[in-house]
Amino acid sequence: MPELAEVDYFRRRWDPGLRRKVAAVSLNSKARVGRGLDKQAMTKALVSAKLLESFAAAKQMAFRFSGGIWIGVHLGMSGRLECGDTTREPTNYDHFVLTMTGGKQLVFVDPRQFGRILFWQGPGVPPWWEKIPPAILSDEFTVGVVGAFLRRRARTSIKAVLLMQESFPGIGNWMADEVLWRAGFHPEAKAGAFGPLSVRKLYRILREVCADAMQVIGKDWGDPPASWLFNHRWKDGGSCPRTKEPLHRAEVGGRTTCWSPARQRLGAERR
DNA sequence: ATTCTTGTTGCATC
DNA sequence: AGATGCAACAAGAA
């Protein structure tokens with residue numbers, strides 16, 4: 001589920017733990033979300049550490065604790081962060097629980113376990129955090145960068161290319177479809193076919209969708225307006241909010257993709 | 001019962 | 001070497 005804005009929303013679910021110390025750590029040792037973790041070292045380091053601040057970038061979160069301790073969270077497909085007190089009813093998928101002083105519990109829940117917990121202790125910033133590419137809404141994300149990447153992935157569908165985190169950090173299935181729908185490009189258009197005008201348009205709409213998502217969803221999981229594709233894409237028999245023509249669904253780039261054939265035609269990307 | 005899923009990775013192949 | 005495509009991971013929902 002979680003893409004750019006949802007990730008930032010979930011990051012803030014743990015805000016009640018800020019400036020509190022970790023009283024106890026509970027990590028389901030068999031859970032896949034902890035693969036590759038030095039669980040003992042992590043638990044040992046975390047106890048008594050104070051949660052100082054948190055960050056979200058792309059689909060990742062980082063929580064910084066005193067002592068140069070960092071916990072990274074990737075929510076995968078079905079992960080979420082919750083906060084509760086000692087009366088909270090546990091779920092079957094509470095893989096990682098930090099009990100803070102005062103009884104607040106910070107919980108990572110993930111039924112499908114495509115998500116992941118990372119741990120790092122040391123000076124500076126964890127390597128896995130540093131290597132996240134510049135945000136789409138940052139100054140470093142330029143038209144030139146987008147154009148170069150589209151040329152590099154020339155023979156791949158634009159839909160699949162938009163899902164590549166190395167260049168479009170935070171974009172997931174619904175955001176990719178939203179971008180292509182707003183921009184009027186067919187999801188199966190080859191990335192290499194995009195002309196200069198189209199690259200610029202794609203770039204502009206990418207930033208627009210990211211900004212809109214942060215505004216509407218990132219804030220408090222608000223429902224996007226009916227004018228977005230978002231609310232129509234999974235409905236059988238759904239229709240395009242702009243043309244009122246039927247939406248079409250098919251697998252593109254290995255993912256279910258929804259588009260409006262009336263306004264997303266192959267060839268429009270050549271300009 | 002069957003098929004679907006808002007993600008990533010590792011591997012085979014081109 | 002670099003690009004490309006796809007199965008695999010797991011479990012709830014429809």
Parallel, tilted or perpendicular: rings of A:W174 and A:F230 (30°, 60°): perpendicular
Nearest-angstrom distance from the residue atom CD of A:E251 to P of B:dC4: 9 Å
Phosphate OP1/OP2 of B:dT8: any A:H74 side-chain N/O under 4.0 Å: yes
Sequence-distant partners of A:D38, side chain to side chain contact (heavy atoms under 4.5 Å, CB included), two or more places apart: A:Q40, A:A41
Whole-Å gap separating P (B:dT8) and CG (A:L118): 13 Å
Sugar-phosphate, base or nothing in reach of A:G254, heavy atoms under 4.0 Å: nothing
Residues A:R182 and A:D177 bridged, charged N to O under 4.0 Å: no
Span that lies between the P atom of B:dT9 and that of C:dA1, in whole angstrom: 22 Å
Salt-bridge present (A:E166, A:R152; N to O < 4.0 Å): yes
Spacing of A:F114 atom CZ relative to C:dA11 atom C1', expressed in whole Å: 9 Å
Length of the line joining A:M77:CE and C:dC9:P, which is rounded to integer Å: 15 Å
Euclidean distance, atom NZ of residue A:K30 to atom P of C:dA11 [Å, nearest integer]: 12 Å
Aromatic plane relationship, A:F149 with A:F168 - under 30° parallel, 30 to 60° tilted, over 60° perpendicular: perpendicular
Spacing between A:K59 atom NZ and B:dG7 atom C1', to the nearest angstrom: 6 Å
Side-chain polar contacts of residues 196-205 of chain A - donor-acceptor pairs under 3.5 angstrom, sequence neighbours left out - could you list them?
residue, atom, partner, partner atom, Å
A:S198, OG, A:E269, O, 2.9
A:S198, OG, A:R271, O, 3.0
A:K201, NZ, A:A183, O, 3.2
A:Y203, OH, A:F141, O, 3.0
A:Y203, OH, A:R207, NH1, 3.1

Between P of B:dG7 and CG of A:D110, the distance in whole Å: 13 Å
Expected rows: protein N/O vs nucleotides 2-5 of chain C N/O, under 3.5 Å:
residue, atom, partner, partner atom, Å
C:dA3, OP1, A:R152, NE, 3.1
C:dA3, OP2, A:R152, NE, 3.4
C:dT4, OP1, A:R155, N, 2.9
C:dT4, OP2, A:T156, OG1, 3.3
C:dT4, O5', A:T156, OG1, 3.2

Nearest to side-chain heavy atoms of A:R32, which nucleotide of B:dT8, C:dA11, B:dG7: B:dG7
Strand DNA chain B in bracket notation, Watson-Crick/G-U under 3.5 Å with | for pairs to another chain: .||||.||||||||
Any A:Q113 side-chain nitrogen or oxygen under 4.0 Å from OP1 or OP2 of C:dC9: no
Atom-to-atom span, CD of A:E166 to P of B:dG10 - whole angstrom: 14 Å
Salt bridge (charged side-chain N to carboxylate O under 4.0 Å, His left out) against A:R270, all qualifying residues, sequence neighbours excluded: none
Transitive ILVMFWY cluster of A:V145, excluding itself - 4.5 Å side-chain cut-off: none
Candidate pair A:K104 and A:D15, rule salt bridge (Lys or Arg N to Asp or Glu O under 4.0 Å), full reasoning: CA-CA 10 Å; A:K104 283 266 181 287; A:D15 277 358; over 6 Å; no
